[in-house]
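Everything quoted here is computed from the prediction, not taken from an experiment. Quick note: residue numbers are just sequence positions, from 1. First listed ligand is number 1; within each ligand, the first listed atom is number 1.
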Amino acid sequence: MNARRFMLAPSILSADFASLGRDIAAVERGGADLIHVDVMDGHFVPNITIGPPVVRAIKRVATRPLDVHLMIEEPDRYLEEFVEAGAQMVSVHVEAVPHLHRTLTRIKQLGARAGAVLNPSTPAVALEDVAGIVDFVLVMSVNPGFGGQEFIPHSLEKLRRVQAVLTAAGSSAPIEIDGGIDAANIGAVVDAGASIIVAGNAVFGHGEPEAATRALRAAVTAPA
Ligand code: DX5
Ligand code: ZN
């Protein structure tokens, strides 16, 4: 069994957008380590969410680092703006960029942590040649675009494959997982190697984000 050390990153996608400051404060009281921000453009994924002005507003109230997940085409055009708006972690989809090495390098040059994201159908080996430069890897455990979807069970095997690719490259970059995580499966994803856990619906879907954040953490640390 792993040491079960992990960071919790509530996704504000399922928060009340009219009360983002209140909801962010609630998850921070509940023990959130990061605030996960889902940026969607209506092209790379079907949904449209938020852009740099909202990230800038969140930055004013959040006390935890902002983990900005870009689900957009041509993310290179917006990297600087998102980092200037306050993103401390920026992840881009392997499927969305033709020059992944260049994009990750640029994020690092801008002063943020650079993450590479894999869709469920993208194999772990797609990371092989950037494993030495990524600061973190994000494994999608649903097809991106919406909160509240069901966890894809193969993602556990995917986590192990990504870990093997990173280990082979001598990288100790953490692996983040995103999509369909709840109190019932969070222990399994931590055991499979994820150490940054995103949760949207499980945190914000039931009206008590502070308690739900605590409950998720407790679901991992509780003895099996
Ligand atoms: C999905 C987003 C996720 C989403 C997770 O496209 O990237 O971050 O908010 O939400 P849940 O935990 O509800 O699957
Ligand atoms: Zn996300």
Side-chain angles (χ1 to χ4, degrees), residues 6-17 20 23-24 26-27 30 32-51 54-55 58 62 64-73 75 78 82 87-96 107 112-122 136-156 158-159 174-190 194-209 212-213 215-217 219-220:
F6 65 97
M7 298 210 287
L8 210 48
S11 160
I12 59 163
L13 184 60
S14 296
D16 178 354
F17 274 29
L20 273 181
D23 278 4
I24 288 170
V27 297
D33 299 292
L34 303 167
I35 302 298
H36 185 84
V37 182
D38 288 306
V39 176
M40 305 186 187
D41 66 350
H43 292 278
F44 181 68
V45 291
N47 204 358
I48 301 178
T49 56
I50 65 177
V54 178
V55 172
I58 294 169
R64 304 288 189 270
L66 303 186
D67 167 31
V68 175
H69 175 192
L70 298 180
M71 285 160 277
I72 61 177
E73 285 178 5
Y78 303 98
F82 277 109
Q88 279 118 311
M89 297 165 68
V90 176
S91 56
V92 293
H93 274 256
V94 168
E95 307 85 8
I107 294 170
R113 312 276 295 162
V117 192
L118 300 177
N119 272 336
S121 62
T122 303
F136 65 102
V137 173
L138 199 174
V139 171
M140 288 307 302
S141 42
V142 297
N143 290 293
F146 303 95
Q149 303 182 79
E150 204 169 314
F151 180 81
I152 297 172
H154 178 71
S155 311
L156 294 176
K158 182 77 158 282
L159 286 170
I175 307 175
E176 179 170 23
I177 189 147
D178 185 3
I181 306 298
D182 58 21
N185 60 22
I186 189 169
V189 299
V190 171
S195 58
I196 304 173
I197 315 296
V198 178
N201 191 53
V203 167
F204 293 106
H206 310 286
E208 297 279 355
T213 305
L216 271 179
R217 188 172 291 285
V220 177

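- Counting protein heavy atoms only, atom 5 (C) of ligand 1 is closest to D178 OD1, 3.4 Å.
- Of all the heavy atoms in E176 and V198, the pair that sits closest is OE2-CG2, 3.2 Å.
- Between L8 and V203 there is no side-chain heavy-atom pair separated by less than 4.5 Å.
- Taking the Zn ion (ligand 2) as reference, D178 places its N/O/S atom OD2 nearest.
- The side chain to side chain contact (heavy atoms under 4.5 Å, CB included) test with I12 singles out one residue from I58, D23, V27, V54, and that residue is I58.
- Residue contacts with ligand 1: G180 is placed with a nitrogen or oxygen under 3.5 Å of a nitrogen or oxygen of the ligand (distance criterion only).
- A donor-acceptor contact shorter than 3.5 Å is absent between the side chain of D178 and the backbone of L138.
- The parts of P144 lying near ligand 1 are both backbone and side chain, judged by heavy-atom distances below 4.0 Å.
- Using a distance-only test at 3.5 Å, with no hydrogens or angles considered, a donor-acceptor pair links the side chain of D182 to the main chain of A184.
- The protein heavy atom nearest to atom 1 (C) of ligand 1 is F146 O, 3.6 Å.
- In terms of heavy-atom proximity, L13 sits nearest to T49 at CD1-CG2, 3.5 Å.
- Partner of I181 under the side chain to side chain contact (heavy atoms under 4.5 Å, CB included) criterion, chosen from V190, V189, N201: V189.
- For ligand 1, the polar-atom distance check against G148 finds a nitrogen or oxygen pair separated by under 3.5 Å.
- The side chain to side chain donor-acceptor pair (under 3.5 Å) test with T122 singles out one residue from K158, H93, E95, and that residue is E95.
- Polar contact with ligand 1: present for G200 (N/O pair, distance under 3.5 Å).
- The atom name of the N/O/S atom in D38 closest to the Zn ion (ligand 2) is OD1.
- Looking only at N/O/S atoms, H69 comes nearest to the Zn ion (ligand 2) through ND1.
- Remark: distances from the non-hydrogen atoms of A202 to ligand 1 are all 4.0 Å or more.
- There is a side-chain donor-acceptor pair under 3.5 Å between H36 and D38.
- Between S11 and ligand 1, a contact under 3.5 Å exists for at least one N or O pair.
- Summary of contacts: the protein heavy atom closest to atom 6 (O) of ligand 1 is G145 N, 2.8 Å.
- Looking at ligand 1, you won't find any N or O of N143 less than 3.5 Å from one of its N or O atoms.
- In this structure, S141 contributes its side chain and G179 its backbone to a donor-acceptor pair below 3.5 Å.
- The proximity of N201 to ligand 1, defined as any non-hydrogen pair under 4.0 Å, involves the side chain as well as the backbone.
- Checked by distance only, ligand 1 and I181 stay at 3.5 Å or farther apart across all their nitrogen or oxygen atoms.
- Here the N, O or S atom of H36 that is nearest to the Zn ion (ligand 2) is NE2.
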